[in-house]
Amino acid sequence: MPEITQHAPGSFCWPELQTTSSVGAKSFYTTLFGWAANDDEVSPGKYYTMLTLKGLAVGALYELGAESASQGTTSHWGSYISVADIDASAARAEELGAEILAPPFDVMDVGRMAVVKDPVGAVFSLWQPKVHIGAHVMGEPNSLCWTELSTRDIPAAKTFYTGLFGWTTKDSPEYIEVMNQGRPIAGMMAPPQEGIPPHWLVYFAVSDCDASVTKASGLGAITVVPAMDIPNVGRFSVLKDPQGAVFAIIQLLPRAGEEKTGP
């Protein structure tokens, strides 16, 4: 399993779960994906849990506080995008019509972050690494392999993200594939039904989609999208964990001459 030592600017680099129950979430994900959970007390009684696969970081989780719960925040997976200069990136995002929910700030000596709501309403975080680059494993079974924007305003999303990160896109009527420095990293599509707010969805690679759905269901997950095939890509499903956070899993097909990283 190759270890990632850096993320190119404009790449998704870190999935982070905000959950209503860290105990329940740790039990669910460590059992489903074989992750280990390592708690770090960041303040009295408050923990940030690093999730690792064979000793290498794949993501993190922390429990939502009472204030967040009172404001209606529910369990969800968040996505971080690596940047070289977070202050410049946050300023540029605002110029392009985004709302800066949390201006750039230092996270001790590990990095510098900001939280952004894009012009279509989806939230993501910017990350300028210091000690912590983000995930050290991606694209392998039981790690992040893809991130997907769901929005009904694809043109506005494309304008914003290509202007902010220099992404390029490969367009089809049903799906927009996003490229960063020539490498496929993400996608954009319209939600399958009304009432779904704009959001970034994380995909974790698995070796057997159907077996993983069955296992997740046994652990208390709800199947949002049953396992189905994506022609020439793989087999995927969308799940909701016992605390209510939505994520996707995908069993990727090998591609001749290259390694496919996402839908």
Side-chain angles (χ1 to χ4, degrees), residues 10-12 15-18 72-81 92-94 96-99 101 115-126 139 144-180 182-206 209 212-213 216 221-241 244-253 255 260-263:
S11 300
F12 286 93
E16 181 183 78
L17 176 65
Q18 298 180 38
T73 304
T74 57
S75 297
H76 65 280
W77 279 97
S79 296
Y80 284 70
I81 300 172
R92 179 59 175 154
E94 196 166 26
L96 291 167
E99 179 183 355
L101 301 180
V115 183
V116 179
K117 179 187 283 187
D118 73 19
V120 302
V123 176
F124 65 95
S125 295
L126 298 169
L144 183 72
C145 67
W146 196 249
T147 313
E148 184 177 84
L149 177 64
S150 178
T151 176
R152 295 201 173 277
D153 195 344
I154 295 291
K158 285 175 57 179
T159 297
F160 173 74
Y161 286 103
T162 57
L164 180 58
F165 297 119
W167 289 350
T168 58
T169 63
K170 186 185 298 183
D171 301 0
S172 70
E174 296 81 22
Y175 201 80
I176 308 298
E177 187 175 36
V178 173
M179 320 287 284
N180 183 52
R183 178 177 176 271
I185 61 162
M188 300 180 185
M189 65 178 292
Q193 60 192 49
E194 297 291 339
I196 298 176
H199 66 279
W200 282 101
L201 176 68
V202 296
Y203 279 71
F204 297 108
V206 294
C209 182
S212 294
V213 170
I222 295 172
T223 301
V224 179
V225 177
M228 63 178 64
D229 293 326
I230 305 173
N232 302 316
V233 174
R235 187 166 176 81
F236 87 107
S237 176
V238 180
L239 304 169
K240 181 184 290 187
D241 74 20
V246 177
F247 65 100
I249 58 173
I250 186 164
Q251 176 185 345
L252 293 165
L253 294 173
R255 292 179 68 178
K260 180 67 175 177
T261 55

Taking atom [atom1] of [X] and atom [atom2] of [Y], what is their separation to the nearest 0.5 Å?
{"X": "Leu126", "Y": "Arg92", "atom1": "CG", "atom2": "CZ", "result": "13.5 Å"}
{"X": "Leu149", "Y": "Ile154", "atom1": "CG", "atom2": "CD1", "result": "6.0 Å"}
{"X": "Phe247", "Y": "Asp241", "atom1": "CZ", "atom2": "CG", "result": "6.5 Å"}
{"X": "Gln18", "Y": "Thr73", "atom1": "CD", "atom2": "OG1", "result": "7.0 Å"}
{"X": "Thr162", "Y": "Leu96", "atom1": "OG1", "atom2": "CG", "result": "8.5 Å"}
{"X": "Leu201", "Y": "Met189", "atom1": "CG", "atom2": "CE", "result": "10.0 Å"}

Check: Phe204 ring centre within less than 6.0 Å of Trp77 ring centre: yes
Ser172 side-chain N/O to Tyr175 backbone N/O, donor-acceptor pair under 3.5 Å: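 Yes.
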From CA spacing to verdict: side chain to side chain contact (heavy atoms under 4.5 Å, CB included), Ile81, Leu164: CA-CA 11 Å; Ile81 300 172; Leu164 180 58; over 6 Å; no
What pairs with [X] under side chain to side chain donor-acceptor pair (under 3.5 Å), at least two apart in sequence or on another chain?
{"X": "Ser237", "value": "none"}
{"X": "Ser150", "value": "none"}
{"X": "Ser125", "value": "none"}
{"X": "Gln251", "value": "none"}

Partners passing side chain to side chain contact (heavy atoms under 4.5 Å, CB included) against Val123 (at least two apart in sequence or in another chain): Leu101, Val115, Lys117
Non-neighbouring partners of Thr147 that pass side chain to side chain contact (heavy atoms under 4.5 Å, CB included), sequence neighbours left out: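 Result, side chain to side chain contact (heavy atoms under 4.5 Å, CB included) vs Thr147: Phe12, Ser79, Leu144, Trp200.
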Heavy-atom closest contact ([X] atom, [Y] atom, distance):
{"X": "Ser11", "Y": "Ile185", "value": "CA-CD1, 4.4 Å"}
{"X": "His76", "Y": "Thr74", "value": "ND1-O, 2.8 Å"}
{"X": "Ala98", "Y": "Pro119", "value": "N-CG, 4.0 Å"}
{"X": "Cys209", "Y": "Ala227", "value": "SG-CB, 4.0 Å"}

Among all residues two or more places apart in sequence or in another chain, which pass the salt bridge (charged side-chain N to carboxylate O under 4.0 Å, His left out) test with [X]?
{"X": "Lys170", "value": "Glu177"}
{"X": "Asp153", "value": "none"}
{"X": "Glu194", "value": "Arg152"}

Salt bridge (charged side-chain N to carboxylate O under 4.0 Å, His left out) partners of residues 228-239, not counting sequence neighbours, each pair once: Asp210-Arg235, Asp229-Arg235
Sequence neighbours excluded, every pair satisfying salt bridge (charged side-chain N to carboxylate O under 4.0 Å, His left out) that has a member inside residues 195-204: none
Leu252 vs Val233 side-chain heavy atoms within contact, under 4.5 Å: yes
With sequence neighbours excluded, residues passing ring-ring contact (aromatic ring centres under 6.0 Å, His included) with Phe160: none
Pair Val246-Leu239, side chain to side chain contact (heavy atoms under 4.5 Å, CB included): steps then yes or no: CA-CA 6 Å; Val246 177; Leu239 304 169; over 6 Å; no
